[in-house]
Structure formats: C-alpha cells, structure tokens
Amino acid sequence: MIALIDCNNFYVSCERVFAPSLRNKPVAILSNNDGCIVARSQEIKDLGIKMGTPYFKAKKIIERHKGAVFSSNYELYGDMSNRVMSVLRTFSGKTEIYSIDEAFIKVPEYRQNDPENFSSEIIRKVYKWTGIPVKVGTAETKTLAKIATELVKKDKLKQLYKILLNKREITQALKKIPVIDIWGIGKATADTLNEHGIFTAEQFTALDEQFVRKKFNVMTARTLKELQNIPCMKIDEQPQPQKNLCYSKSFGSPVTEYSSMTESVINYSSNAAAKLRKNKQKAQSVTVFITTNFFNKKQKQFAGSKTLSFPSAVNSTEAIVHYALKALKLIYKNNCCYKKCGIILNELISEDIIQPDLFETDNPNDEKISEVMDKINSKYGKGTIKLAGEGVNDACWKMKRNMLSRNYTTRWDELLETD
DNA sequence: TCTGGGGTCCTAGGACCC
DNA sequence: TCTGGGGTCCTAGGACCC
C-alpha cells in the first residue's frame with residue numbers, strides 16, 4: 001500500500017505560515033524575474049487565473065481583489081520542504097521524496113488495516129509541526145495514489161484524503177479523470193488518445209497493453225498497468241545521482257554588450273559550480289547557451305550553444321568559469337538583444353572518483369580556493385565572497401525579485417537587521 | 001513595458017565495428 | 001547480374017514531470 005502526500009499550493013502555504021493574515025486572501029507566487037504566476041491559492045484559482053499566466057496580465061485583477069503577490073523564495077520553500085519530509089519519515093521507514101512538495105511513502109504493514117486513520121494522522125501532524133496543509137492519496141500503485149490526490153483536489157472533498165483500494169471505487173474514480181490528468185500522460189499522448197475517442201482514465205484503462213505499447217511507448221504501457229492496479233513502479237528511496245546540472249535565468253533587462261554577457265556567464269558558472277560541490281560531484285563537460293527574446297517577434301532572433309569537455313572532471317569555480325567563457329566566445333554574436341543565458345554541467349560523476357589528469361593542466365589550488373569560498377559564503381551568506389568578474393549587485397541583467405519575502409527559517413541575522 | 005527554471009527517460013537514426 | 005547480418009555507441013529531439 002502506497003500513500004502519496006501532496007502539499008496544498010505549497011509555495012503559497014509557505015508564505016502564509018509567516019503571514020497568517022493572508023489565509024483567506026488571494027495569494028500568488030511568481031517565477032524568477034517576477035515573470036509568470038507559478039503557484040496560486042484557491043482564491044486566485046477561483047478568480048480564473050491560470051497556471052503560468054504572465055504576471056502583467058493578472059496584476060490588475062489581483063489588486064482589485066486585494067490579493068498578495070510574492071517573488072519566489074526558494075531558500076524558504078526548500079527549508080520548509082525539508083521539515084515536511086522529516087515529519088513524513090516518522091510515519092514510514094520507506095519514503096521517496098518525489099518533488100519539493102510531494103512524497104510517496106510505503107504504508108507500514110501494521111497500519112494497513114486502517115488507512116483512513118493513518119491518512120488523517122499524517123495530515124494533522126504535518127500541519128501541527130510545520131504549518132503546511134497536505135492531502136493524502138492511498139492505493140496499491142503510485143499512479144492510482146496520484147489519482148486519489150487528484151480526486152481530493154477535483155471534488156473538493158471534505159476529507160483531505162482519499163483511499164482507492166477496492167475495484168468498484170477505482171472504476172468510479174477513473175471515470176472522473178480526463179486522460180490529460182493522468183500522471184505520465186502529457187499533452188501529446190492525450191491528444192492522440194482523444195483522436196481515438198479515449199477521453200477518460202476509465203476508457204484508457206480498458207485498452208490493450210500491446211496496443212498502447214506499440215502506439216506510444218513502454219512508459220505509457222506501464223502507466224496503463226498501474227491504473228489496472230498492477231504495480232510497476234517501486235518506491236525509490238535512494239534517488240540516482242544527478243546526471244546534469246543546469247543554472248539558467250532570464251535577464252532582468254536585455255543584454256546587448258559582450259561585457260555584461262561575460263559577467264552573467266561568470267556569475268551563473270560560479271553558482272552552478274557551487275551547487276555541484278554541494279552535491280559532491282564533478283562535471284566532465286560544460287554547455288553554455290544564449291538566446292534572444294523569442295516573444296519579441298520584431299527582433300532579430302538568435303540562439304547559440306556550445307559544449308566543451310574538461311581535460312579531467314572538475315568542480316572548481318575557476319576551471320568551470322574558464323571553460324564557460326571559452327564556449328561563450330565561440331557562440332557570441334554581436335548586435336543581438338539577449339534575454340537569457342544558461343550553464344549546463346554534463347556527465348556528472350561523484351567527486352570521490354579520482355581521475356588523473358593526463359596532461360596535468362589542473363591547478364591544485366583551484367579546489368582549495370573554491371572550498372574556502374564555499375565556507376565563507378555558507379557562514380556569512382551567499383555572495384559574501386565572489387569573483388570580481390561577476391559584476392556589481394545592481395547589474396542590469398540580474399533578475400528581478402521585487403516582492404521577495406524574508407528567509408524566515410534560515411537567516412535569523414537577516415531578520416534582526418531588517419527589524 | 002512586462003512571458004520561469006530544472007530535471008529524467010525513451011527512441012530513431014547515423015556512424016561505426018566485425 | 002548479383003552486394004549480409006548482427007552488434008554498439010552517440011546524439012538530437014520529443015515527451016514527460018514538478
């Protein structure tokens with residue numbers, strides 16, 4: 001038996017924990033650069049504002065309803081997520097953190113005779129200990145557990161949990177779910193299914209496995225079996241180490257100068273390198289990409305990317321910045337109005353794997369310098385020490401975060417300063 | 001004026017090997 | 001005149017997730 005725990009409007013809930021006056025008001029959270037709406041309270045949804053709506057299109061209506069809007073505060077959400085997950089671990093020895101706001105847990109044997117009570121205990125304890133409201137879906141497969149939480153959302157059930165164990169109830173449930181809402185079925189597959197006259201999860205579940213396997217792929221066939229209550233996906237406690245790491249952001253305002261572009265590439269590379277070291281990994285190659293604003297139809301469009309391999313796996317800021325700048329030089333085109341750039345570190349391996357550098361081009365001091373920088377930044381706050389090439393704090397390309405809340409749970413010094 | 005970011009997995013096709 | 005069969009590896013692109 002598997003339970004899926006899903007935090008309700010997670011980012012919104014995090015902000016509300018520290019601003020209780022917002023509990024019954026419309027609250028929206030914006031993407032980087034304060035661009036799109038990426039999380040919505042129920043009140044915002046009720047205003048008809050869709051996920052991903054550009055903020056400028058929804059601003060007026062939110063203001064009219066006296067709603068609150070926040071820039072996304074990933075430090076806060078990340079920390080709140082850790083708290084929720086540690087509460088969940090008190091319920092089961094087997095938990096899989098699926099995303100920042102969701103986890104699958106295996107229901108322990110001795111709790112399987114009473115999933116209702118088990119669910120409501122989870123909901124109560126997580127709320128009491130963290131302030132975050134969650135919903136719980138229980139079933140014998142992951143995909144059906146997902147369907148169960150979907151039903152809680154859709155039907156606005158009195159209970160914040162749903163149990164899908166017996167056959168009749170499963171069939172009833174699947175009738176209410178359009179294929180696009182099935183976990184693992186996206187737009188493309190849903191469109192094809194619709195063309196074949198398949199609209200609900202119940203209709204999909206009746207299909208022949210071989211047909212689905214042929215028409216689509218193994219993943220979709222697996223989803224089918226899971227909906228037929230045949231488990232195909234295990235709870236994955238030890239997620240595989242990450243294979244790529246990407247740090248990319250749109251610019252606050254467009255970049256037209258090579259010097260600004262280098263600043264941002266140095267900054268993004270340093271950030272990516274720091275993340276890599278935090279994950280205790282090294283990269284074997286780096287990709288740099290730059291693009292113009294593709295929403296602007298009148299502008300000349302350009303997108304370039306280049307991947308360079310390191311002589312041996314690295315994670316020092318110095319080495320990564322060096323190669324990223326080399327790659328940038330190869331793709332940069334003058335007279336373009338750039339909107340975005342990004343750094344991808346590829347072919348990641350554990351930093352414990354020692355790979356001798358054949359040509360000994362590494363500078364052994366680089367790693368030590370990076371280590372010291374990490375220590376200083378972790379003690380005194382991100383950005384305390386950085387490369388001069390990263391430019392100043394108010395550089396035009398830096399992302400906009402005009403409505404940022406405080407790091408209530410991770411930076412007490414910051415609170416003391418501002419209060 | 002203003003439109004996000006970060007991942008994974010699968011597949012088909014090309015290049016190459018014997 | 002007639003030109004095989006069986007592999008592996010890599011890459012780009014598509015599809016999906018949050």
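Lettering of chains follows the sequences in order, A, B, ..., and the numbering in each one begins at 1.
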(request) For A:Thr53, report the nucleic acid contact type (base, sugar-phosphate, nothing); a contact means any heavy atom under 4.0 Å. (result) nothing

(request) Evaluate the criterion side chain to side chain donor-acceptor pair (under 3.5 Å) for residue pair A:Arg277 and A:Thr317; output intermediate values, then yes/no. (result) CA-CA 9 Å; A:Arg277 292 191 294 270; A:Thr317 298; 3.0 Å; yes

(request) Using distance alone, with no hydrogens and no angle criterion, decide if A:Lys249 and A:Asn33 have a side-chain donor and acceptor under 3.5 Å apart. (result) no

(message) Within 45 degrees of the ring normal and closer than 6.0 Å to the centroid, is that where the cationic atom of A:Lys214 sits relative to A:Phe211?
(response) no

Please write out each protein N/O paired with an N/O of nucleotides 9-16 of chain B under 3.5 Å, distance rounded to 0.1 Å.
| from | atom 1 | to | atom 2 | distance (Å) |
| --- | --- | --- | --- | --- |
| B:dC9 | OP2 | A:Lys243 | NZ | 2.7 |

(request) Determine: side-chain N/O of A:Lys146 to OP1/OP2 of C:dC18, distance under 4.0 Å, yes or no. (result) yes

(request) State whether A:Lys162 and A:Glu150 are salt-bridged, where the test is any N-O pair (Lys NZ or Arg NE/NH1/NH2 against Asp/Glu carboxylate O) under 4.0 Å. (result) no

(request) Write down the distance between CD (A:Glu150) and P (C:dC17), rounded to a whole number of angstrom. (result) 11 Å

(message) Categorize A:Leu30 for me: base, sugar-phosphate, or nothing, with a 4.0 angstrom heavy-atom threshold over every strand shown.
(response) nothing

(request) Find the distance A:Leu276:CG to B:dG7:C1' and express it as a whole number of Å. (result) 15 Å

Can you name the atoms? Protein N/O to nucleotides 2-5 of chain B N/O, anything below 3.5 Å, with the distance.
| from | atom 1 | to | atom 2 | distance (Å) |
| --- | --- | --- | --- | --- |
| B:dT3 | OP1 | A:Lys339 | NZ | 2.7 |
| B:dG4 | O4' | A:Ser31 | OG | 2.8 |
| B:dG5 | OP1 | A:Ser250 | N | 2.5 |
| B:dG5 | OP2 | A:Ser250 | OG | 3.0 |
| B:dG5 | OP2 | A:Lys340 | NZ | 3.3 |
| B:dG5 | O3' | A:Ser248 | O | 3.4 |

(request) Provide, to the nearest angstrom, the distance between the CD1 atom belonging to A:Ile37 and the P atom belonging to C:dC18. (result) 20 Å

Solution key, residues 176-190 of chain A side-chain donor-acceptor pairs under 3.5 Å, sequence neighbours excluded:
| from | atom 1 | to | atom 2 | distance (Å) |
| --- | --- | --- | --- | --- |
| A:Lys176 | NZ | A:Asp155 | OD2 | 3.1 |
| A:Asp181 | OD2 | A:Lys154 | NZ | 2.8 |
| A:Trp183 | NE1 | A:Tyr98 | OH | 3.1 |
| A:Lys187 | NZ | A:Asp191 | OD2 | 2.7 |

(request) Would you kindly give the CG-to-C1' distance between A:Leu348 and B:dG7, to the nearest whole Å? (result) 12 Å

(request) Just call it for A:Ile182: base, sugar-phosphate, or nothing, with non-hydrogen atoms closer than 4.0 Å on any strand. (result) sugar-phosphate

(message) Holding to salt bridge (charged side-chain N to carboxylate O under 4.0 Å, His left out), I want the full list of residues that pass it with A:Asp79, two or more places apart in sequence or in another chain.
(response) A:Arg83

(request) Kindly state whether the ring of A:Phe204 and the ring of A:Phe199 have centres lying under 6.0 angstrom apart. (result) no

(request) Inspect the contact between A:Arg16 and A:Glu43 and indicate whether a charged nitrogen and a carboxylate oxygen are less than 4.0 angstrom apart. (result) yes

(request) Give one of base, sugar-phosphate or nothing for A:Leu245, where a contact means two heavy atoms less than 4.0 Å apart. (result) sugar-phosphate

(message) Suppose you measure atom C1' in C:dC17 against the same atom in B:dG4; what distance do you get, rounded to whole Å?
(response) 15 Å

(request) Toss me the dot-bracket line for DNA chain C: Watson-Crick and G-U wobble, both under 3.5 Å, 5' to 3', using | for pairs to another strand and [ ] for crossers. (result) ....||||||||||||||

(message) One thing to verify: whether A:Lys398 and A:Glu263 come together as a salt bridge, which I'm taking to mean a side-chain N less than 4.0 angstrom from a carboxylate O.
(response) no

Which donor-acceptor pairs under 3.5 Å do the side chains of residues 254-262 of chain A make with protein atoms, sequence neighbours left out?
| from | atom 1 | to | atom 2 | distance (Å) |
| --- | --- | --- | --- | --- |
| A:Thr262 | OG1 | A:Tyr258 | O | 3.2 |
| A:Thr262 | OG1 | A:Ser259 | O | 2.7 |

(request) Measure the acute angle between the ring planes of A:Tyr11 and A:Tyr77, then classify it against the limits of 30° and 60° as parallel, tilted or perpendicular. (result) parallel

(request) Considering only NZ, NE, NH1 and NH2 on the basic side and carboxylate oxygens on the acidic side, decide whether A:Glu15 and A:Arg406 come within less than 4.0 Å. (result) no

(request) Take the protein atom CD1 of A:Ile147 and the nucleotide atom P of C:dC17, then report the distance between them rounded to whole Å. (result) 12 Å

(request) Starting from P on C:dC18, measure out to CZ on A:Arg40 and report it in whole angstrom. (result) 14 Å

